[in-house]
Amino acid sequence: MGERTLVQVLVRDNNVDQALKALKKKMQREGIFREMKLRRSYEKPSERVAREKAEAVRRARKLERKRLEREGF
């Protein structure tokens with residue numbers, strides 16, 4: 001839980017817009033925006049378990065759909 005990751009982006013040729021775009025992409029990939037949204041308010045442990053189970057079901061269904069699509073069904 002005390003895990004900290006460093007997200008770092010270099011600014012080249014004073015191009016702050018490009019660096020900001022790269023930073024946002026890295027943060028999206030790391031899941032930082034999602035984490036911030038979840039931590040905005042307290043989530044009871046039972047609600048967290050229910051949400052995680054629902055997410056797992058969604059992921060499994062999505063993988064199954066992709067597998068069936070790949071196999072041509």
Side-chain angles (χ1 to χ4, degrees):
M1 190 156 165
E3 183 180 321
R4 299 259 185 222
T5 58
L6 182 66
V7 179
Q8 193 173 39
V9 175
L10 297 175
V11 179
R12 296 188 185 126
D13 301 325
N14 285 335
N15 194 344
V16 177
D17 291 332
Q18 183 181 7
L20 188 61
K21 185 176 180 181
L23 177 66
K24 285 182 179 180
K25 186 181 280 188
K26 279 188 177 186
M27 290 173 71
Q28 181 72 34
R29 218 177 293 132
E30 293 286 325
I32 294 174
F33 291 125
R34 187 167 185 272
E35 185 75 21
M36 286 171 27
K37 182 181 176 187
L38 286 173
R39 289 176 184 248
R40 222 172 260 159
S41 60
Y42 179 74
E43 185 178 31
K44 288 172 35 180
S46 60
E47 291 173 346
R48 183 179 58 83
V49 169
R51 177 182 48 80
E52 288 174 351
K53 280 184 183 179
E55 288 173 357
V57 168
R58 272 196 299 278
R59 273 194 310 274
R61 285 183 182 156
K62 184 175 181 179
L63 285 173
E64 184 65 20
R65 271 197 315 269
K66 285 184 179 259
R67 187 184 65 78
L68 288 174
E69 185 178 300
R70 210 173 32 247
E71 292 176 359
F73 286 100

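Keep in mind that what you see is a predicted model, and the values were worked out from it rather than measured.
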Visitor: Does Val16 share a hydrophobic cluster with Met27, counting links as ILVMFWY side-chain heavy atoms below 4.5 Å and allowing steps through other members?
Guide: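 No, Val16 and Met27 fall in different hydrophobic clusters.
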Visitor: Hey, are Arg51 and Glu55 close enough for a salt bridge, meaning a charged N less than 4.0 Å from a carboxylate O?
Guide: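 Salt bridge: yes.
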Visitor: Counting only heavy atoms not in Gln18, do more than 12 sit closer than 6.0 Å to its CD atom?
Guide: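 No, the 6.0 Å shell around CD holds no more than 12 heavy atoms from other groups.
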Visitor: Out of curiosity, Leu20 CG to Asn15 CG, how far, rounded to the nearest 0.5 Å?
Guide: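 Taking CG in Leu20 and CG in Asn15, the distance rounds to 10.5 Å.
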Visitor: Please tell me whether Val11 and Leu23 are part of a single hydrophobic cluster in this structure, the criterion being side-chain heavy atoms less than 4.5 Å apart.
Guide: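 No, it is not one cluster - the side chains of Val11 and Leu23 are not joined through contacts under 4.5 Å.
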Visitor: Ile32 and side chain to side chain contact (heavy atoms under 4.5 Å, CB included): which single residue from Arg29, Glu30, Arg34 fits?
Guide: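 The option that passes is Glu30.
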Visitor: May I ask you to decide whether Glu71 forms a salt bridge with Arg67, counting only side-chain N to carboxylate O separations under 4.0 Å?
Guide: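 A salt bridge links Glu71 with Arg67.
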Visitor: Is there a path of hydrophobic side-chain contacts, each under 4.5 Å between heavy atoms of I/L/V/M/F/W/Y residues, joining Phe33 to Leu38?
Guide: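 The answer is no; the residues belong to distinct hydrophobic clusters.
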Visitor: Check Arg39 with Glu35, please: is the shortest side-chain N to carboxylate O separation under 4.0 Å?
Guide: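 Salt bridge flag = yes for Arg39 with Glu35.
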Visitor: What distance do Arg48 atom CZ and Ser46 atom OG have between them, rounded to the nearest 0.5 Å?
Guide: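 If I round to the nearest 0.5 Å, the distance is 9.5 Å.
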